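None of these values were measured; they are calculated from a predicted model. Every chain is numbered from 1, with letters handed out A, B, ... down the list of sequences.
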Protein chains: 2
Amino acid sequence: MAKSAAVSPANASSSVAGALRSFSQHLANDGLRFTGERRTIATALFESDSHLEAEELLLRLRHAGSRVSRATVYRTLDLLVGAGLARKVRLGTDHNFFEHILGRRQHEHMVCIGCGQVIEWFDPQLARLVERNTKEQGFVAARYTVQVFGRCADCADSDT
Amino acid sequence: MAKSAAVSPANASSSVAGALRSFSQHLANDGLRFTGERRTIATALFESDSHLEAEELLLRLRHAGSRVSRATVYRTLDLLVGAGLARKVRLGTDHNFFEHILGRRQHEHMVCIGCGQVIEWFDPQLARLVERNTKEQGFVAARYTVQVFGRCADCADSDT
DNA sequence: CTGTATGCAAACCTTTTGCATCAGT
DNA sequence: ACTGATGCAAAAGGTTTGCATACAG
């Protein structure tokens, strides 16, 4: 699927390049190196159009002929999160998902407990609501996540 | 701390009894047994005034002289969640917390990344917001959780 | 009595880590 | 060259499971 220097999501390719540049700079700022493995992993995440688990990402890279190790995948994903270029989210399972942040506004997830489908949603009022409640406590929020579990339209229909 | 048939949170003792009754009925409905271990574990959770990890609960029971096994603690906590008497929440760490639902309205959590303190909060608009957004997708929500991470008032102050 | 539940310890699974080797800068 | 990065495999840590034994209904 993902070739070495893939072209993929056409309209996103320029932002992928920009994100890689940004990642590289973040690394340099911290005296860290922009290695081939890091570029490969970051690219795979940036080109993915939704949340991805570490194992799935590793599999894709392996299928594409890359020899990166599982450890490096985890280490790099953490670096991406630290650089503010990705987000780590829990969706009810026992492992994490990662999703890049490429100019998309923050969104939350609805997880269907019937078919596993994940729907992204956004409500401008949510941030305000969180802001209001944290401020009330003198709490300085850095980030927040919302997960809704239930049944999607299709699965709800088949409930008779 | 928690004696065998402790008196504890005075004002809650009657609801603890009610919750135990409810648990017992749920079990009976499913052809399951209300064993001594299940009563012990459920009581410990019901008497706890906030979120508790399985390991901490096990420790408390052991200190109180109980011989329940870790496996039974996990199995029983899951039963309680299934019975709608408890909630399993993730607060950023790699393990779950459990909190009983004894007539308290649903609340969300703010976790301080400085001192680990967890603040509970509630906003009547939140449920409406979630409801509105799920309905928009034809999604039937069963439950939702919100976690906010940041620095509490004290920790924010010590940031210079 | 019958079928569940328990305890124990081993298994699981994702994520992390130690260490020798490799490669950016 | 210097120092950080990688791969491998083992360790970790919370949670689950298989199985023989022990009880609730």
If two hydrophobic side chains count as joined below 4.5 Å and joins carry through other members, does A:Ile41 share a cluster with A:Phe34?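 Per the 4.5 Å side-chain linkage, A:Ile41 and A:Phe34 are co-clustered.
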Would a single hydrophobic cluster contain both A:Leu126 and A:Phe139, if residues Ile, Leu, Val, Met, Phe, Trp and Tyr are joined by side-chain heavy-atom contacts under 4.5 Å?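 Yes: a chain of side-chain contacts under 4.5 Å links A:Phe139 to A:Leu126.
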Other cluster members, [X] - Ile/Leu/Val/Met/Phe/Trp/Tyr, side-chain contacts below 4.5 Å:
X        : value
A:Phe149 : A:Val89, A:Leu91, A:Phe97, A:Val111, A:Ile113, A:Val118
A:Leu59  : none
B:Val140 : none

Sequence-distant partners of [X], side-chain contact (heavy atoms from CB on, under 4.5 Å), two or more places apart:
X        : result
A:Ala42  : A:Leu20, A:Phe23, A:Phe46, A:Leu80
B:Glu37  : B:Thr35, B:Val68, B:Thr72
B:Asn133 : A:Met110, A:Trp121, A:Asp123, B:Leu129, B:Glu136

Measure all distances between protein nitrogen or oxygen atoms and nitrogen or oxygen atoms of nucleotides 9-14 of chain D, and list the pairs falling under 3.5 Å.
none

Scan B:Arg70 against the nucleic acid and name what it touches under 4.0 Å (heavy atoms): base, sugar-phosphate only, or nothing.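 Base contact.
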Sequence neighbours left out, what pairs pass salt bridge (charged side-chain N to carboxylate O under 4.0 Å, His left out) with at least one residue falling in residues 142-152 of chain B?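 Salt bridge (charged side-chain N to carboxylate O under 4.0 Å, His left out) check on residues 142-152 of chain B returns B:Arg151-B:Asp159.
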Which salt bridge (charged side-chain N to carboxylate O under 4.0 Å, His left out) pairs, counting each pair once, include a residue from residues 93-108 of chain A, with sequence neighbours left out?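 Listed by first then second residue: A:Arg87-A:Glu99, A:Arg87-A:Glu108, A:Arg104-A:Glu120.
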Using chain A heavy atoms and a threshold of under 4.0 Å, write down where along DNA chain C the contacts begin and end, 5' to 3'.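 First-to-last contact on DNA chain C, by the 4.0 Å heavy-atom rule, is C:dT14 to C:dT25.
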Please state how far atom CG in B:Leu27 lies from atom C1' in D:dA24, giving the value in whole angstrom units.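 Going from B:Leu27 (CG) to D:dA24 (C1'), I get 12 Å.
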D:dG25 P sits how many Å from B:Gln25 CD, rounded?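 From B:Gln25 CD to D:dG25 P: 13 Å.
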Just checking, any donor-acceptor pair under 3.5 angstrom between side chains of B:His95 and B:Glu53?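 Yes - a donor-acceptor pair under 3.5 Å links their side chains.
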Non-hydrogen side-chain atoms of A:His100 and A:Leu85 separated by less than 4.5 Å: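 Of all side-chain heavy-atom pairs linking A:Leu85 with A:His100, none is under 4.5 Å.
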In Å and rounded to the nearest 0.5 Å, what is the CG to CG distance from A:Asp49 to A:Leu102?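 Rounded to the nearest 0.5 Å, the CG-CG separation comes to 12.0 Å.
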What are the residues of residues 29-41 of chain A, sorted by number, that bring a heavy atom to within less than 4.0 Å of DNA chain C?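 When residues 29-41 of chain A is checked for heavy atoms under 4.0 Å from DNA chain C, the hits, listed by number, are A:Arg33, A:Phe34.
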For D:dG7, does either OP1 or OP2 sit under 4.0 Å from a side-chain N or O belonging to A:Thr72?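 Result: yes.
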Using rotation axes that map the C1' atoms of four end pairs onto the next four (five pairs an end), what angle separates the end axes of the helix from C:dC1-D:dG25 to C:dT25-D:dA1, to 10°?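 One end axis against the other gives 40°.
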